[in-house]
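Working notes, structure below.
Quick note on labels: first sequence line is chain A, next is B, and so on, each numbered from 1.
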Amino acid sequence: MMLPTGSEQCQLRKMLGELSRLSQPDGSAMLCQGTSTSLAAVYGPRDVRISKELVDRATMDIVYKPKTGLPGNDARFLERIIRSTCENMILVKQHPRTSIDVIVQEMQDSGSYLSCCLNAVTLALLDACLPLKYTVAAVTCIINREGELHLDPTKSQEAELNQAHMTFVFDSIDRNVIACYAQGCYTTQQYHTCLMACQAASKEVFSYYREALTKKLT
Amino acid sequence: MCEVGGIGLPGDKIVDKETDGRIVLGPGLRKETEHVLMTKPGKLCFKDPNIYWVDSHHKRYIPVRGENVLGVVTNKSGDTFKVDIGGSEQASLSYLAFEGATKRNRPDVKIGDQVFCKLLVASKHTEPEVVCIDSSGKSNGLGVIRDGGMTITTPCNHIRKILSPDCVLLKTLGNSLPYEIAIGMNGKIWIKGRTTKETIALTNAIACAEYMNNEQISLMCRKLVNSLSGF
């Protein structure tokens, strides 16, 4: 297993974002990671339909809108990942019998799109000022055919014949893994190397959150 | 780690000043094992002797008991009205909770009316309840808002800023333009000047003061009064 050597391989693409991009939602954020761009909007806590009401916690409703066409199975899959991560992050017990709605609009998918969506949703939740346990940062990496590790791969790198494709989600308190989505074949050793590389890179995402929020609040 | 006066994010531990260890936690903070963590992004504030809270930027209102809010009557059913106060649920308003109202003498409230009311019950598990009287049965400025004026919606942190004793906005505006105002903690402000023109000018002044400090506000008010009087 080769460790990332070149500076390009072990760095995330440049992050750029804008908070409160939309006027109607309670919180919204647009995030670009390189050229991957997604727009997330958060409404809530707002009223919930009786059929969906939960007496001890808030109902999470996630909608993913692709750039074109109707949402298919991929969209459902993304929604599920985002929902489980959000439920972990938000203190849902503080707003029982309400609904928190998150809408993610695909703007441009050029690789590492799951992590871009998750980071945009986190920023939107921070903008909406919902009670959170911690913030989360998602980082994607691939192991290519030669066994090299690439962080934050582009669409063309993802389309190649790679050994594995992994996305890790970390919390901001202890940098523990709170979610992991992996595809392909890899050894335990390789998994750990990817985990360490992503964990180190997540620091950059967290410092970006802090920078963005400090700019907004001062 | 977040110190008093600094900007923190959810999950940051707060640094306790030299208190005797007994502290009061305000909004945006929670205790987990022996640490106190932030749950909302914002500025960490401290007030003597031992109160901590987070000053954050909200757009959605979360009802709090005792706060004055500006709502719109959306439904009339039996002996209660439903009032939209911008929270997650509509508040209920009894028809007896008006000054001088009795079983026989019902208040004249229609659907679509704007009411300035006080939250009597606000708990996360129950429906909020509002009233338009104080404990002695007097209206005390609360009630249905009629005859003109204009209502705007601003983020909740802007309301807190306007109402804070340090803010000069309302006083400076009032020095040259008399007006009537009802400020709801839910982000709604109703305002009425002497003429429509003045009402619009006042509304704009309040809406654009969100990101201004006191000096900028006084400058803006001066400019506004000058341009209104035709200079």
Query raised in the report: Under a 4.0 Å N-O cut-off, is there an ion pair linking A/Glu87 with A/Arg57?
Result: yes

**Report entry** Residue B/Leu37 versus chain A: region with a heavy atom under 4.5 Å
**Finding:** side chain

Query raised in the report: Are the charged groups of B/Lys118 and B/Glu129 less than 4.0 angstrom apart, N to O?
Result: no

Report summary line: What one should report as the nearest heavy-atom pair of A/Tyr113 and A/Thr37 is OH-O, 3.0 Å

Query - B/Lys82 side chain to B/Asp84 backbone, donor-acceptor under 3.5 Å - result: no

Query raised in the report: Under a 4.5 Å heavy-atom cut-off, does chain B meet the side chain of A/Thr135, its backbone, both or neither?
Result: both

Requested in this report: Measure A/Arg46 against the heavy atoms of chain B and call it side chain, backbone, both or neither at under 4.5 Å.
Outcome: both

Query raised in the report: Are the charged groups of A/Asp109 and A/Lys155 less than 4.0 angstrom apart, N to O?
Result: yes

Query - Heavy-atom proximity to chain A below 4.5 Å, by part of B/Asp12 - result: side chain

Query raised in the report: How about A/Tyr191 and A/Phe168: are their ring centroids closer than 6.0 Å?
Result: yes

Query - Distance-only polar pair, side chains of A/Gln33 and A/Ser112, donor-acceptor under 3.5 Å - result: no

Requested in this report: Would you mind telling me which of B/Gly87, B/Gly11, B/Pro10 has the largest number of heavy-atom pairs within less than 4.5 Å of chain A?
Outcome: B/Pro10

Requested in this report: Select one option (side chain, backbone, both, neither) describing which atoms of A/Thr98 are under 4.5 Å from chain B's heavy atoms.
Outcome: side chain

Query raised in the report: Do you know which of A/Gly44, A/Ala128, A/Ser172 has the most heavy-atom pairs under 4.5 Å to chain B?
Result: A/Gly44

Requested in this report: Go through A/Arg210, A/Lys133, A/Met89 and name the one with the most non-hydrogen pairs under 4.5 angstrom from chain B.
Outcome: A/Arg210

Query raised in the report: Centre of B/Tyr95's six-membered ring, under 6.0 Å away, within 45 degrees of the axis: is that where NZ or CZ of B/Arg106 sits?
Result: yes

Report summary line: Looking only at B/Pro41, B/Gly6, B/Ser56, B/Gly28, most heavy-atom pairs under 4.5 Å shared with chain A are made by B/Pro41

Query raised in the report: Which region of A/Leu125, side chain (C-beta onward) or backbone (N, CA, C, O), has a non-hydrogen atom less than 4.5 Å from a non-hydrogen atom of chain B, or is it both or neither?
Result: neither

Query raised in the report: For B/Ser123, is it the side chain, the backbone, both, or neither that has a heavy atom closer than 4.5 Å to a heavy atom of chain A?
Result: neither

Query raised in the report: Between B/Lys59 and A/Asp26, is there a salt bridge with N-O shorter than 4.0 Å?
Result: no

Report summary line: Turns out that what part of A/Leu91 lies under 4.5 Å from chain B's heavy atoms comes down to side chain

Query raised in the report: Between A/Asp127 and chain B, which part of the residue has a heavy atom less than 4.5 Å away: side chain, backbone, both or neither?
Result: backbone

Report summary line: Looking only at B/His58, B/Glu32, B/His57, the option with the highest number of non-hydrogen pairs under 4.5 Å against chain A is B/His57

